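Right, one structure below, let's go through it.
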Amino acid sequence: MSTDEKALLLEANRINYRLRSTFFYRKLKEYNTLSFPQIIVELLSVEHLYSWDERKEWGIGEDAFSYIITHPELNLLQVFCHPKLLREHPRLLAYYRNIAVLSQKSVSYLAKIDVKKKENDVYNTIPLEPDQAIKLSILFNEHITLIIDSSIQSFTERELYGLLLTSTGAQIDGSWRNAIGEEAEKVVQRLLVNEAKERNVLGAFISRVGTSVEQFNLNKLEEQVSNIHKYRGILLINQTSILFSSEPDISLIAVNGTTVSVIEVKGGADPAGALERYGAAKKSFGEARRLSPDVPTILVASCITPEVHTRISQDTLITSYYNLTELLSENSISYHQFMNEVFSLLGIV
DNA sequence: AAATGTAAAGCCGCGACCTA
DNA sequence: TAGGTCGCGGCTTTACATTT
């Protein structure tokens, strides 16, 4: 790797990790994680209105139960999930799930229940069915019982909140991984739209909702480009179009509706993940080639290791490759190469 | 038949670990 | 040490089912 490339990579990493820091902070607020303990404390005033007689059926271990009930600062509602409470306040699903250190994905695997919608349901419009409340309580309580038992009579309130936060951190991390890929796709989409405008070939935007189109209007362009997620593509004045989707991320569509080329964007910058992203791109391109055997495929990736580079250059599945970081630097050679390739595939010189 | 709801599969990757 | 491999997170799309 040249010193230039090293500097480029370093700068890209610096930007990415700065974004990651603020992303975590933003998500922590968005998930309302810190408000849960307060909500629980408020509920403690009605704790006597909840019976724990059936605790055995709810997955609560007897040792853990007696430990909590005799603990000076921990309360039952704080630690164990009560099915009635869960039905009354479905949003607290997120609290008990994280106390039990279960991911949304794990709950969907283990209890076959999609908790995401219910956790985000601020207005309590989605009811939680009785059997679901029981099922979830059992799962959560079994896990928190495991944790308390493993602590050997030393579990504290601070540790309880520690669990809440670490589990939430894992969730935010997963969300971040999505955001990386999404953002990289959008970056390339915006580049294409702007270039289309520069070349005076931008005809209209295709809206994601319904079938509406928005005629190209210079005054609205800036807003449209910053809200690129609202659009599923653009129409060009030579009656071709560029479509944004997933798998492939971007498709170039000919006058007759056939796909002239597919573009896959990989935003991840971690060298350790280079081969994996290469594999993912191959998978996407494989599908495109299956549908039309000779279609040119273009890979845009942030980080390619030497090993992956040699594989790409020998791989007929990938027609051409561009470095995303290079593409983004002002007036770079690869930017022009990329744009020339894309627009000539669309019949624009 | 159209609209809406739900489950499954696929996509977005990272960090830890391990090896050449 | 670089980077290949593994396992895991969330989110979106797709396929299928159900309701209107």
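Note that the coordinates shown come from a computational prediction; the quantities given were computed from them, not determined experimentally. So that the names make sense, note that chain A is the first sequence line, chain B the second, and so on, each numbered from 1.
The distance from atom NZ of A:Lys27 to atom C1' of C:dC11 is 10 Å, rounded to the nearest whole Å. Rounded to whole Å, the distance from CG on A:Asp173 to C1' on B:dA16 is 12 Å. The separation between A:Asn98 atom CG and C:dG10 atom P is 9 Å, rounded to whole Å. One interatomic measurement links the two molecules: CD of A:Gln171 to P of B:dG15, which rounds to 17 Å at whole-angstrom precision. Separating the CH2 atom of A:Trp176 from the C1' atom of C:dC8 is a distance of 18 Å, rounded to the nearest angstrom. If you measure from atom CD1 of A:Ile172 to atom C1' of C:dC11, you get 15 Å, rounded to the nearest angstrom. Spacing between atom CD of A:Gln189 and atom P of B:dC12 amounts to 12 Å, rounded to whole angstrom units. When rounded to the nearest whole Å, the span between NZ of A:Lys105 and P of B:dA7 equals 17 Å.
Closest to the side chain of A:Ser103, from the set C:dC11, B:dC12, C:dG9, is C:dG9.
Screening residues 66-87 of chain A for ring-ring contact (aromatic ring centres under 6.0 Å, His included) gives A:Tyr50-A:His82, A:Trp52-A:His82, A:Trp58-A:His82, A:Tyr67-A:His71 as the qualifying pairs, with residues at least two apart or on separate chains.
With sequence neighbours excluded, no residue forms a ring pair (Phe, Tyr, Trp, His ring centres under 6.0 Å) with A:Tyr335. Qualifying side chain to side chain contact (heavy atoms under 4.5 Å, CB included) partners for A:Ser241, counting only residues two or more places apart in sequence or in other chains: A:Leu235, A:Ile253. Judged as a ring pair (Phe, Tyr, Trp, His ring centres under 6.0 Å), and not counting sequence neighbours, A:Phe65 has no contacts. Scanning for side-chain hydrogen bond (donor to acceptor under 3.5 Å, both in side chains) contacts around A:Arg199 gives A:Glu195, A:Asn340, with sequence neighbours left out.
Using modelled atom types and a 3.5 Å distance limit, the side chains of A:Tyr95 and A:Gln78 yield no donor-acceptor pair.
Side-chain nitrogen and oxygen atoms of A:Gln104 include at least one within less than 4.0 Å of the OP1 or OP2 phosphate oxygen of C:dC11.
Between its two ends, the helix from B:dA1-C:dT20 to B:dA20-C:dT1 turns its axis by 20°, counting five pairs per end and rounding to 10 degrees.
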